[in-house]
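We use all heavy atoms of the structure for the numbers below, so side chains are in, but hydrogens, waters and symmetry mates are not. Labels below follow one simple rule: chain letters A, B, ... track the order of the sequence lines, proteins then strands, and each chain is numbered from 1.
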Number of protein chains: 2
Amino acid sequence: MSDAVDAIVGQWDQERPELGDALWPVQLIARVQRMNRILDREAKVFCAKHGVEWGEFDVLTTLRRSGPPYALTAGAFLKAAMVTSGAITNRIDKMEAKGLVERVRDGADRRTVRIKLTEHGKQLTDTLMADHLGRYARLLDGLDPEEVDAAAALLRKFLELHGDASIS
Amino acid sequence: MSDAVDAIVGQWDQERPELGDALWPVQLIARVQRMNRILDREAKVFCAKHGVEWGEFDVLTTLRRSGPPYALTAGAFLKAAMVTSGAITNRIDKMEAKGLVERVRDGADRRTVRIKLTEHGKQLTDTLMADHLGRYARLLDGLDPEEVDAAAALLRKFLELHGDASIS
DNA sequence: TGGTTTTATCTCAACGTTGAGATTCTCAGT
DNA sequence: ACTGAGAATCTCAACGTTGAGATAAAACCA
């Protein structure tokens, strides 16, 4: 069995055989990149079906799982979503217009803005999560659960080594 | 040891415990997404140092490993790079201006355009590859090689199941 | 208190990608 | 030869993100 990455590595072996073992990391890294692009496309199709953007869904679930009162500061999203401030402002603007979230200025610190899930936003998120997780399960269908766990553990180690911070 | 994904799953467990095992795929999928973003940032920093865009570097290496005469059609890039035609046109325009590649119209089929690596482009690519692979090696430093292989094998299986086509 | 630094968010122009449509060309069928 | 279907690439407006800078508020310190 072979995939696109095997073909890529095979080409390098033929064109620049002196690279040798230096190509080894490509086996993992290139596959992570390709898998991510497949996930990305899947996610966009899923979100489009439900009238939200992929980035918006990310905001919704981040708020939902943070628990009551379903409110986080804009700064918290920068770390959680790994995007820049301009992107968050843009997302929140549109989600506010759709009635999914609302901006609440903090009483104590008037610089901070709390992004709060509206009741409508909360209900939509709960509805979408079922579909979303079903989609995830189908994506991993056909893979050995133990091997998936092992791969997940390795990626966890990678993330720890590279300081992938937990959300606060 | 725990990473950001453990924290995310932990939040869901607390907020919506009824989801239970449905959360399992998140362990792998979310980590692939987060690792990809780390790789993406690394890659952009690396490319910026050398005056090329990440997408441009992708074109360079794809041409280089295809072997003499280091020329591929625009259509071949659509599949190899997993991007749309507009993006390829845009990339090639800029790379042509930089003297990295040149467009060669096919004699037999005048619809097709062959993107050909210039001598300058080839030399730059070979120079960059050493740095690039060194960077990859450092990224995986600290991980168990056997576990990396196992994870790569699992991702290969995922890609095969989802029809990740080899380049032609 | 007054002045400086730091923090939190928003603004906005530049950038790359998308995706539908236009363009140009090939080829099979008549 | 002519026509229509299909293929390969380019065009271009819309979109989301980036990243530097602006704005405003809080914290620190003299």
Please state how far atom CD1 in A/Ile92 lies from atom P in D/dT17, giving the value in whole angstrom units. 11 Å
Integer-rounded Å distance: C/dG19 C1' and A/Arg41 CZ: 12 Å
Length of the line joining B/Met82:CE and C/dT18:C1', which is rounded to integer Å: 15 Å
Electrostatic pair A/Asp93-A/Arg103, nearest N-O below 4.0 angstrom: yes
In whole angstrom, give the distance that lies between atom CG of B/Asp40 and atom C1' of C/dT17. 13 Å
The answer to which of A/Arg110 and A/Thr84 contacts DNA chain D further toward the 5' end, by nearest nucleotide, is A/Thr84
Is any NZ, NE, NH1 or NH2 atom of the basic residue among B/Asp131 and B/Lys49 found under 4.0 Å from an Asp or Glu carboxylate oxygen of the other? no
Tell me whether A/Lys44 contacts the main-chain N or O of A/Leu39 through its side chain, where contact means a donor paired with an acceptor under 3.5 Å. no
Across nucleotides 5-12 of chain C, 5' to 3', mark each nucleotide with B, S or - according to how protein heavy atoms within less than 4.0 Å reach it. --BSSBB-
Is any side-chain N of the basic residue among B/Asp109 and B/Arg114 closer than 4.0 Å to the acidic one's carboxylate O? no
Calculate the interatomic distance between B/Lys44 atom NZ and D/dT17 atom P; express it in whole Å. 11 Å
To the nearest Å, how far apart are A/Asp58 CG and D/dT17 C1'? 14 Å
Examine the side chains of B/Arg31 and B/Gln27 and answer whether a donor and an acceptor come within less than 3.5 Å of each other. yes
CZ of B/Arg91 versus P of D/dC10: gap in Å, rounded? 14 Å
Classify the nucleic acid contact of B/Ala81 as base, sugar-phosphate or nothing, counting any heavy atom under 4.0 Å across all strands shown. nothing
Are A/Arg135 and A/Glu42 ion-paired here, with the side-chain N under 4.0 Å from a carboxylate O? yes
Report the distance from atom NZ of B/Lys79 to atom P of D/dA7, rounded to the nearest whole Å. 11 Å
